[in-house]
Undergrad: 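Here's a structure for you.
Just so it is clear, the values below take in all heavy atoms, side chains as well, and ignore hydrogens, waters and symmetry mates. We count ligands from 1, going down the list as the structure has it; atoms in each ligand are counted the same way.
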Amino acid sequence: MRGKILPLVIAVFAYSGAATAEEVTLRAISAFTEKTTYSRGIERFIERVNQAGKGIVQIDYIGGPKAMPPFQVGNALKNGVVDLANSTGAFYTNLMPEADAWKLTQRSMAELRKNGGYDFMAQLYEQKMNAILLARVVDNNPFHLYLNKRIAGLDLTGLKLRITPVYRDFFQALGATVVQTAPGEVYTALERGVVDGYGWPITGIFDLGWNERTKYRVDPGFYSAEVSILINKKVWDRLNDQQKAVLRKAADQGETEAASEFLAEDARETERQAAAGIETIKFDPVVAKDYYEKAYEAGWAGQIRQSPENGPKLREFFSKPK
Ligand code: 173
């Protein structure tokens, strides 16, 4: 008797396991403050997944920098401490210097997914981050230099600026002294006069109240801010096709809408800054061109210095011929 029942019991369990795969819950974290501009992409992604993924896949949002310092998010994702992360390449250059090259893209993600640029980066994400980049949820969003002291030209000598790796090579090339901080420390640094200005994209300076401590924005903007949703590769590989499809769909939607939404938001925030009394420092066209070109020269030189092998290839994929 026993010899017959046991195999049957095992067979039934094995079958039910395969037919009704259990709902999986993934843990997500953001390197940016909850409910601010640069967490919006993942927060929307989570809403969509939790809606479409009932009984299939759910996401538990741990939150932003209160839960984990922003510069540690990349490591946590790599090591599987979290399953999903919202971050920008500049915040995990310690693991993958090439990730900061997203800022230098002059092509759309749709183009990069076709021209091999995305695939090339995907290999590096797998090797160095143990990750898959599911979606770039910030695009068409230039960076700017914000100041509390006037400048007349391209010489930033004597100015101390808050940076991340995004701006380091460029601002130093113009003579500035730089100090790296997480976004959460910018307000206090401005308030105490520890810095004379900071780098940040065109959107989001109102999120943490920096508008109160900002006199000038320098135009033109440069580069293209990148924030992306990453998933740990081992976690991804363990998901079934249905679970992957739910995540993919929400990710694709996020990447597609980011490109157009940010264009509109850039314009709105530019007006909002002017209305808040932030003055624009505008160079004449020749100087402006020089400033803009120096940004890319310094940015690519930095990439190539940090990765002599991959830097030049990324430049091929990401740049538009002049
Ligand atoms: O300035 C920053 O903290 C930074 O590097 C960044 C990158 C992408 C979006 C917003 C900020």
Side-chain angles (χ1 to χ4, degrees), residues 29-44 64-65 68-74 85-105 109 121 133 135-147 160-172 176 178-190 194-211 213-214 217-218 221-230 254-255 258-259 261-263 265-266 269-270 273 295 298-299 302-303 306 318:
I29 195 149
S30 179
F32 294 92
T33 304
E34 287 169 68
K35 303 229 164 63
T36 62
T37 306
Y38 295 102
S39 284
R40 197 194 306 138
I42 195 162
E43 288 169 0
R44 222 185 254 171
M68 184 182 291
F71 299 134
Q72 286 175 28
V73 166
N86 179 63
S87 191
T88 182
F91 290 5
Y92 49 90
T93 51
N94 55 324
L95 302 171
M96 178 179 168
E98 296 91 342
D100 190 33
W102 287 121
K103 72 186 179 196
L104 299 167
T105 50
M109 283 303 280
M121 282 294 257
L133 188 149
R136 177 174 182 170
V137 289
V138 174
D139 209 347
N140 284 334
N141 186 237
F143 293 99
H144 284 261
L145 168 60
Y146 296 87
L147 288 174
K160 192 167 176 190
L161 303 176
R162 174 271 172 186
I163 56 140
T164 66
V166 165
Y167 326 92
R168 175 176 281 120
D169 294 303
F170 180 36
F171 292 172
Q172 279 183 335
V178 298
V179 49
Q180 172 157 317
T181 83
E185 290 154 32
V186 172
Y187 188 94
T188 312
L190 291 167
V194 172
V195 296
D196 305 305
Y198 57 96
W200 192 259
I202 187 67
T203 55
I205 72 155
F206 293 86
D207 288 341
L208 302 177
W210 305 344
N211 53 300
R213 303 277 167 191
T214 305
R217 186 191 68 247
V218 177
F222 52 89
Y223 305 158
S224 178
E226 166 270 338
V227 175
S228 300
I229 301 170
L230 311 180
E255 186 167 291
E261 274 192 25
F262 270 96
L263 267 187
E265 192 164 344
D266 296 350
E269 289 262 309
T270 304
Q273 288 183 16
Q303 269 302 312
Q306 289 174 79
F318 288 0

Undergrad: Examine the proximity of ligand 1 to Val138 and report which part, side chain or backbone, both or neither, has a heavy atom under 4.0 Å away.
TA: neither
Undergrad: Is it the side chain (CB and beyond), the backbone, both or neither of Pro201 that lies under 4.0 Å from ligand 1, heavy atoms counted?
TA: side chain
Undergrad: Mark up the atoms of ligand 1 that fall under 4.0 Å of a heavy atom belonging to Val166, in ascending order.
TA: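 That gives atoms 5 (O) of ligand 1.
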Undergrad: Is there a polar contact, in the sense of an N or O pair closer than 3.5 Å, between Trp200 and ligand 1?
TA: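 So ligand 1 has no N or O lying under 3.5 Å from an N or O of Trp200.
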Undergrad: Quick one: OG on Ser228 to CG on Asn86, what's the gap to the nearest 0.5 Å?
TA: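 The CG atom of Asn86 is 8.0 Å from OG of Ser228, to the nearest 0.5 Å.
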Undergrad: Quick one: list whatever passes ring-ring contact (aromatic ring centres under 6.0 Å, His included) with Phe318, sequence neighbours left out.
TA: Trp102
Undergrad: Can you sort out which atoms of ligand 1 are near Pro183, meaning under 4.0 Å from one of its heavy atoms?
TA: 3 (O)
Undergrad: Please could you name the atoms of ligand 1 that Gly199 approaches to less than 4.0 Å, counting only its heavy atoms?
TA: 1 (O)
Undergrad: Checking a contact table here: which protein heavy atom is nearest atom 6 (C) of ligand 1, and how many Å away?
TA: Phe143 CE2, 4.0 Å
Undergrad: Parallel, tilted or perpendicular for Trp210 and Tyr198, by the 30°/60° rule?
TA: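 Ring orientation of Trp210 relative to Tyr198: perpendicular.
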Undergrad: Mind telling me whether Tyr167 and Phe171 have parallel, tilted or perpendicular rings, with 30° and 60° as the class edges?
TA: parallel
Undergrad: Quick check on contacts: which atoms of ligand 1 are under 4.0 angstrom from a heavy atom of Val227?
TA: 8 (C), 9 (C)
Undergrad: Counting from 1, what ligand 1 atoms have a heavy atom of Phe91 closer than 4.0 Å?
TA: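 It comes down to these atoms of ligand 1: 3 (O), 4 (C), 5 (O).
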Undergrad: Do Ile42 and Ile29 pass the side chain to side chain contact (heavy atoms under 4.5 Å, CB included) test, and can you show the C-alpha distance, the side-chain angles, and the key distance before you say yes or no?
TA: CA-CA 9 Å; Ile42 195 162; Ile29 195 149; over 6 Å; no
Undergrad: Heavy-atom distances under 4.0 Å decide this one: backbone, side chain, both or neither, for Tyr167 against ligand 1?
TA: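 It is the side chain that touches ligand 1; the backbone stays farther off.
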Undergrad: Just heavy atoms, cut-off under 4.0 Å: does Arg162 contact ligand 1 by side chain, backbone, both, or neither?
TA: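 For Arg162, the contact with ligand 1 is made by the side chain alone.
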Undergrad: Looking at every non-hydrogen atom in both residues, tell me the closest pair between Glu98 and Met121 and how far apart they are.
TA: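 In terms of heavy atoms, the two residues are closest at O-CE, 3.3 Å.
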Undergrad: Salt bridge check: are Arg44 and Glu261 linked by an N-O gap of less than 4.0 Å?
TA: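 Yes, Arg44 and Glu261 are salt-bridged.
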Undergrad: Return yes when Phe32 approaches ligand 1 closer than 4.0 angstrom through a heavy atom, no otherwise.
TA: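 So Phe32 counts as touching ligand 1.
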Undergrad: Dump the intermediate steps for side chain to side chain donor-acceptor pair (under 3.5 Å) on Arg168 and Thr93, then the final yes or no.
TA: CA-CA 12 Å; Arg168 175 176 281 120; Thr93 51; over 6 Å; no
Undergrad: Which protein heavy atom lies closest to atom 5 (O) of ligand 1, and at what distance to 0.1 Å?
TA: Thr164 OG1, 2.8 Å
Undergrad: How would you list, by chain and number, every residue that makes a ring-ring contact (aromatic ring centres under 6.0 Å, His included) with Phe222, sequence neighbours excluded?
TA: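 So Phe222 forms a ring-ring contact (aromatic ring centres under 6.0 Å, His included) with Phe170.
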